[in-house]
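We're numbering straight along the sequence, starting at 1.
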Amino acid sequence: MESSKVIALSERFRPERSQAFVPTMDSMLENLSKTEFISICVRNPRLLKDYLWHTHLDYEICLQTNSMCFRKKTSSVRRRYSEFVWLRDCLEQNALIMELPNLPPWNPFFSPGNKEQVLQRMKGFQEFLESVVQIPLLLSDSRLHLFLQSDLSITKMAKCACGKTRYTVAEAIQRSGSGCISRLEDKASFDSDCESSCSSSGLGGSMDTSVR
């Protein structure tokens with residue numbers, strides 16, 4: 001009688017029976033690994049001189065992601081305050097009635113030597129971008145991708161997004177930092193003829209004459 005109980009218990013706890021729970025755990029881990037993420041960091045402010053006594057700050061934007069929305073999974077570009085303003089203006093046109101996050105306010109007394117002001121501005125930029133990339137509608141805007149993953153200027157980003165360049169948005173992003181785009185631009189004489197035809201904002205030049 002005792003031996004029959006042992007056999008019955010051993011049947012209930014045979015390894016192949018307990019393995020029925022393994023696929024469930026594996027699927028949970030698999031789903032977890034497939035979770036999309038977009039990580040953005042704004043850092044390394046850099047002071048640059050424009051001309052005469054005019055200077056400005058630019059900031060490094062580092063992006064890491066596994067999202068299918070992005071062509072590059074890791075990238076690093078540098079942007080300045082006026083370019084952030086341009087981007088928000090473009091996205092606002094795309095978002096229509098959607099309320100966009102705010103940028104850190106422009107400060108006429110901003111000083112690149114004031115560490116607290118610079119840190120606050122970087123924090124504001126990062127919070128702005130983190131909020132923007134969580135909005136699916138905005139992720140469809142090619143200007144956002146060019147801003148985050150190419151080294152094109154405001155004018156060239158606007159033209160590229162409109163199809164007015166010899167290179168596509170994907171090429172501009174893929175070849176960022178390689179010098180290939182510059183060589184294409186040297187051959188593209190017609191590019192200069194449509195300098196402002198597709199510009200989404202007039203903010204690109206007027207705000208670059210002082211420290212940003």
Side-chain angles (χ1 to χ4, degrees), residues 37-65 70 72 74-95 98-135 138-139 141-161 172-173 176-179 181-182 185 195-196 198-212:
F37 72 91
I38 305 171
S39 174
I40 292 179
C41 178
V42 180
R43 63 184 188 182
N44 296 339
R46 178 179 65 179
L47 183 65
L48 297 174
K49 185 175 181 180
D50 294 327
Y51 56 91
L52 299 178
W53 54 272
H54 294 287
T55 59
H56 74 270
L57 282 174
D58 67 8
Y59 309 84
E60 183 183 17
I61 303 172
C62 296
L63 184 145
Q64 185 174 6
T65 183
F70 289 86
K72 277 187 175 181
T74 60
S75 61
S76 175
V77 298
R78 301 196 71 90
R79 296 296 180 193
R80 59 192 294 180
Y81 187 92
S82 58
E83 291 174 311
F84 275 92
V85 174
W86 171 84
L87 174 66
R88 190 182 187 281
D89 183 67
C90 291
L91 296 179
E92 193 170 38
Q93 296 173 15
N94 192 1
M98 184 184 300
E99 185 174 353
L100 291 181
N102 291 319
L103 288 170
W106 180 75
N107 180 3
F109 303 106
F110 178 83
S111 170
N114 188 318
K115 184 177 179 180
E116 184 62 28
Q117 287 183 338
V118 174
L119 289 175
Q120 286 293 88
R121 178 163 285 187
M122 284 196 301
K123 180 182 177 182
F125 285 153
Q126 183 163 320
E127 291 175 347
F128 168 76
L129 292 176
E130 287 175 340
S131 298
V132 163
V133 297
Q134 297 303 317
I135 303 174
L138 301 184
L139 284 176
D141 195 316
S142 58
R143 293 167 296 187
L144 173 62
H145 291 268
L146 289 168
F147 177 90
L148 290 173
Q149 297 198 300
S150 83
D151 48 15
L152 298 182
S153 66
I154 287 175
T155 302
K156 291 174 183 175
M157 283 190 286
K159 290 162 56 182
C160 183
I173 291 172
S176 176
S178 67
I181 294 301
S182 297
E185 288 171 342
E195 187 72 17
S196 59
C198 300
S199 178
S200 301
S201 169
L203 298 173
S206 61
M207 297 188 67
D208 288 351
T209 57
S210 59
V211 174
R212 293 291 182 267

ask   = What pairs with Glu92 under salt bridge (Lys or Arg N to Asp or Glu O under 4.0 Å), at least two apart in sequence or on another chain?
value = Arg88

ask   = Roughly how far, to the nearest 0.5 Å, is the CG atom of Asn94 from the CG atom of Asp89?
value = 11.5 Å

task = Please tell me if the side chains of Phe125 and Arg79 come closer than 4.5 Å, counting only heavy atoms from C-beta onward.
result = no

inquiry  = Taking Cys90's backbone N and O only, do any of them form a donor-acceptor pair with Gln93's side chain (distance below 3.5 Å, no angle check)?
reply    = no

ask   = side chain to side chain contact (heavy atoms under 4.5 Å, CB included) with Phe109: which residues, sequence neighbours excluded?
value = Asn107

Asn114: partners by side-chain hydrogen bond (donor to acceptor under 3.5 Å, both in side chains), with sequence neighbours left out = none

request  = Measure from NZ or CZ of Arg78 to the centre of the six-membered ring of Tyr59, then state whether that distance is under 6.0 Å and the direction lies within 45° of the axis.
outcome  = no

ask   = Run the side-chain contact (heavy atoms from CB on, under 4.5 Å) check on Thr65 and Ile40 step by step: do they pass?
value = CA-CA 9 Å; Thr65 183; Ile40 292 179; over 6 Å; no

query = Between Ser111 and Val118, what is the shortest heavy-atom contact and its length?
reply = O-CG2, 4.1 Å

message = Under a 3.5 Å distance rule, please check whether Gln64 uses its side chain to pair with a backbone N or O of Ser39 as donor and acceptor.
response = no

ask   = Hey, mind stepping through Leu57 and Tyr81 against side-chain contact (heavy atoms from CB on, under 4.5 Å) and telling me if it holds?
value = CA-CA 8 Å; Leu57 282 174; Tyr81 187 92; over 6 Å; no

query = What is the minimum heavy-atom distance between Met157 and Ser150, and which atoms define it?
reply = CG-OG, 4.4 Å

key: Closest approach of Val42 to Ile61 (non-hydrogen atoms, all atoms of both residues)   = CG2-CG1, 4.5 Å

message = Just to verify, what does Glu130 make a side-chain hydrogen bond (donor to acceptor under 3.5 Å, both in side chains) with, not counting sequence neighbours?
response = Gln126

Stepwise side-chain contact (heavy atoms from CB on, under 4.5 Å) check, Thr74 with Leu63 = CA-CA 5 Å; Thr74 60; Leu63 184 145; over 6 Å; no

request  = Using a 4.5 Å cut-off on heavy atoms from C-beta on, say whether the side chain of Arg80 contacts that of His56.
outcome  = yes

task = Kindly indicate whether the side chain of Leu47, heavy atoms from C-beta on, has any atom under 4.5 Å from the side chain of Asp58.
result = no

Minimum heavy-atom distance between Cys160 and Leu152, given as atom pair plus value = CB-CD1, 4.1 Å

message = If you define the side chain from C-beta out and look only at heavy atoms, does anything of Leu148 sit under 4.5 Å from Val133?
response = yes

ask   = Residues in side chain to side chain contact (heavy atoms under 4.5 Å, CB included) with Ser131, at least two apart?
value = Pro101

query = Listed by chain and number, what are the side chain to side chain contact (heavy atoms under 4.5 Å, CB included) partners of Arg43, not counting sequence neighbours?
reply = Cys41, Glu60, Cys62

request  = Decide if the gap between the ring center of His145 and the ring center of Phe70 is smaller than 6.0 angstrom.
outcome  = yes

key: Minimum side-chain heavy-atom gap Leu129-Leu87 below 4.5 Å   = yes

request  = Under the ring-ring contact (aromatic ring centres under 6.0 Å, His included) rule, collect the residues that match up with Phe147, sequence neighbours excluded.
outcome  = Phe84

ask   = Under a 4.5 Å cut-off applied to non-hydrogen side-chain atoms, are Leu146 and Ile173 in contact?
value = yes

query = Run the side-chain contact (heavy atoms from CB on, under 4.5 Å) check on Thr55 and Leu48 step by step: do they pass?
reply = CA-CA 6 Å; Thr55 59; Leu48 297 174; over 6 Å; no

Residues that Ser75 engages under side-chain hydrogen bond (donor to acceptor under 3.5 Å, both in side chains), provided they are two or more places apart = Gln149

query = Only one of Asp141, Leu139, Leu138 forms a side-chain contact (heavy atoms from CB on, under 4.5 Å) with Val132, so which one is it?
reply = Leu138

Non-neighbouring partners of Ser142 that pass side-chain hydrogen bond (donor to acceptor under 3.5 Å, both in side chains), sequence neighbours left out = none

